[in-house]
Chemist: 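The structure under discussion is supplied below as structure tokens; questions concerning it will follow.
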There are 2 protein chains.
Amino acid sequence: MQNAFVEIAGVKRSLHVQVAREIARKILSGEVAQNEIIPGEMTLCEQFKVSRTSLREAIKLLTSKGLLESKPKVGTRVTDRENWNFLDSQLLDWLIDIGDNNAVYRDFLSLRNALEPEAAALAAENATAQQRILLSATFQRMDDISKDFELESWTEADMEFHRLIFLSTGNSFYLPFANVLCTMFKSFITHSSVRGSTCINEHRAIYSAIMAGDSSKARQANIDLLSKSKRRLPGSS
Amino acid sequence: MQNAFVEIAGVKRSLHVQVAREIARKILSGEVAQNEIIPGEMTLCEQFKVSRTSLREAIKLLTSKGLLESKPKVGTRVTDRENWNFLDSQLLDWLIDIGDNNAVYRDFLSLRNALEPEAAALAAENATAQQRILLSATFQRMDDISKDFELESWTEADMEFHRLIFLSTGNSFYLPFANVLCTMFKSFITHSSVRGSTCINEHRAIYSAIMAGDSSKARQANIDLLSKSKRRLPGSS
DNA sequence: CCCACTTTATTTGTATTACTATTAATTCAA
DNA sequence: TTGAATTAATAGTAATACAAATAAAGTGGG
């Protein structure tokens, strides 16, 4: 396993991101195995035709996402899958680019199932005045769009709605999901998975419950929404 | 706001991690405000007495955690709190070092509340043979320890038990929580928050349900455990 | 023969300097 | 007033040298 690291994508972005992307692709796709030691810095510099500075920045980026681990004398090793940060937006982008997205979408829906009802409940209790205003404006947009449906603008409003709920929980640990959610929604758009109806009534139920400060009703309304959309998405029963 | 960036902790770790830690502390504590532009690279190099290489590695690390954002000509700016990745173990360590941990523990418990019941249900359905063996061994240890209670070893086994559940879900998005959970448990130990009893029976119920492949029973058992431990932790009703 | 200690070689970590690319702000001309 | 060209400031890339860490090989004493 020597020449698994070659080529370079002729995109725009900064060099070390290109390199990181290439290496990440090979790791995520399984082309290089977990716990495998990748070639030394010098070797990789030659293969990617970049300076050691750039290569090291690339490796640092991947290390910070839990994909790699470096030790002097021993080298840089691919970590166990357990340590990969699947909630990182960039990593998700790379993962989606690779292929079998059905599994990714299914797993993500499962996570939303666990999180969003609780997030809605928390938002009902903790949303600030400012956040309630934003939520109102966004729901208004959804309501308007639902009457004259247009996929892209509705998806965007839908995304913003659920994003705002995460941000309104008043719980720091829910914040990262706002970004992950956006990444997934954007990938939905570009890969144009069909999403039939708007479920505007189910969304209205969530919205009303949050504005009324009724956490249990918000939780239940979000459960209802998820159980309805589950029936339309690929890979679910 | 110029000399908010000085000193340097005389710890061991690699240089750029020390620097990153210092800057992160100032950001997380609010000493430097969100959206504020921090001093240029050269200035920071002088203040921290490190080379530009190390400083840039530090900044890259913080950028990858969503704390900073760099653009040519404009500089490096502290991002909105919404973008901070609170599920990063290192960031959590820094956050805990700062102070008001009660809020952190409370928020984390709230997240566990949302996630762990679903994780237990998924584990009941998807745990591999290998994972079931590990879970059995770990529960056996918990059972033994509960008879002759010793705080540290029990906390470690408890942590491993819940960690294994996350790893056994068969859902990539649950994996990162395994590490976050460990970080929080370790902080519990060092900051020696009291955790009275072992709840061994509640844990047994989860364990049995997972081994039996009964997802709804596993979910309910995990809910029961959380509602019981909630009554003992600081900051909850 | 075996164990502990020392040396060596390899690999990552840090530092320095120089140059390039990007872009906000300014300037100057239409 | 506008808008295109210039300027200046900052991050990105590169090349090179040296420092630190450590696994592995070598060495001496028991």
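Just so it is clear: chains get the letters A, B, ... in the order the sequence lines come, proteins before strands, and each one is counted from 1.
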Chemist: Rounded to the nearest Å, what distance is computed from the CD atom of residue B/Glu57 to the C1' atom of nucleotide C/dA15?
Modeler: 11 Å
Chemist: In this structure, how many angstroms lie between the P atom of C/dT16 and the CD atom of B/Glu46, rounded?
Modeler: 12 Å
Chemist: Rounded to the nearest Å, what distance is computed from the CZ atom of residue A/Arg77 to the P atom of nucleotide C/dT12?
Modeler: 12 Å
Chemist: Check the distance between C/dT12's P and A/Lys60's NZ and give it to me in whole angstrom.
Modeler: 11 Å
Chemist: Please report the distance, rounded to the nearest Å, between CD in A/Glu69 and P in C/dT12.
Modeler: 13 Å
Chemist: Expressed as a whole number of angstroms, how long is the span from A/Arg56:CZ to D/dG12:P?
Modeler: 17 Å
Chemist: Who passes side-chain contact (heavy atoms from CB on, under 4.5 Å) against A/Ala103, sequence neighbours left out?
Modeler: A/Asp100, A/Arg106
Chemist: Show every salt bridge (charged side-chain N to carboxylate O under 4.0 Å, His left out) that has at least one partner inside residues 163-181 of chain A, sequence neighbours left out.
Modeler: A/Glu160-A/Arg163, A/Arg163-B/Glu82
Chemist: Does A/His16 place a side-chain N or O at less than 4.0 Å from the phosphate oxygens OP1/OP2 of D/dG12?
Modeler: no
Chemist: Counting just side-chain N and O atoms, does B/Ser54 come under 4.0 Å of either OP1 or OP2 of C/dG13?
Modeler: no
Chemist: Tell me whether the centres of the aromatic rings in A/His203 and A/Phe139 are closer together than 6.0 Å.
Modeler: no
Chemist: Set out, in order, the CA-CA distance, both residues' side-chain angles and the distance that settles salt bridge (charged side-chain N to carboxylate O under 4.0 Å, His left out) for B/Lys186 and B/Asp93, then state yes or no.
Modeler: CA-CA 10 Å; B/Lys186 282 169 193 160; B/Asp93 275 334; over 6 Å; no
Chemist: Would you mind reading off the distance between B/Leu68 atom CG and D/dA11 atom P, rounded to a whole angstrom?
Modeler: 11 Å
Chemist: Considering residues at least two apart in sequence or located in another chain, which fulfil the side-chain contact (heavy atoms from CB on, under 4.5 Å) criterion with A/Met42?
Modeler: A/Arg52
Chemist: Which one, C/dA15, D/dG12, D/dA11, comes nearest to the side chain of B/Ser51?
Modeler: C/dA15
Chemist: Taking atom P of D/dA11 as reference, at what distance in whole Å does atom CG of A/Leu15 sit?
Modeler: 18 Å
Chemist: For A/Asn179, give me all partners under side-chain contact (heavy atoms from CB on, under 4.5 Å), at least two apart in sequence or on another chain.
Modeler: A/Ser89, B/Asn83
Chemist: For the side chain of A/Glu41, counting heavy atoms from C-beta on, which of D/dA11, D/dT13, C/dT12 is nearest?
Modeler: C/dT12
Chemist: Just grab all the salt bridge (charged side-chain N to carboxylate O under 4.0 Å, His left out) pairs involving residues 67-77 of chain A, residues at least two apart or on different chains.
Modeler: none
Chemist: With the side chain of A/Thr76 defined as its heavy atoms from C-beta on, choose the nearest nucleotide among C/dT14, C/dT12, D/dT13.
Modeler: C/dT12
Chemist: Measure all distances between protein nitrogen or oxygen atoms and nitrogen or oxygen atoms of nucleotides 16-22 of chain D, and list the pairs falling under 3.5 Å.
Modeler:
{"residue": "D/dA17", "atom": "N6", "partner": "A/Arg52", "partner atom": "NH1", "Å": "3.4"}

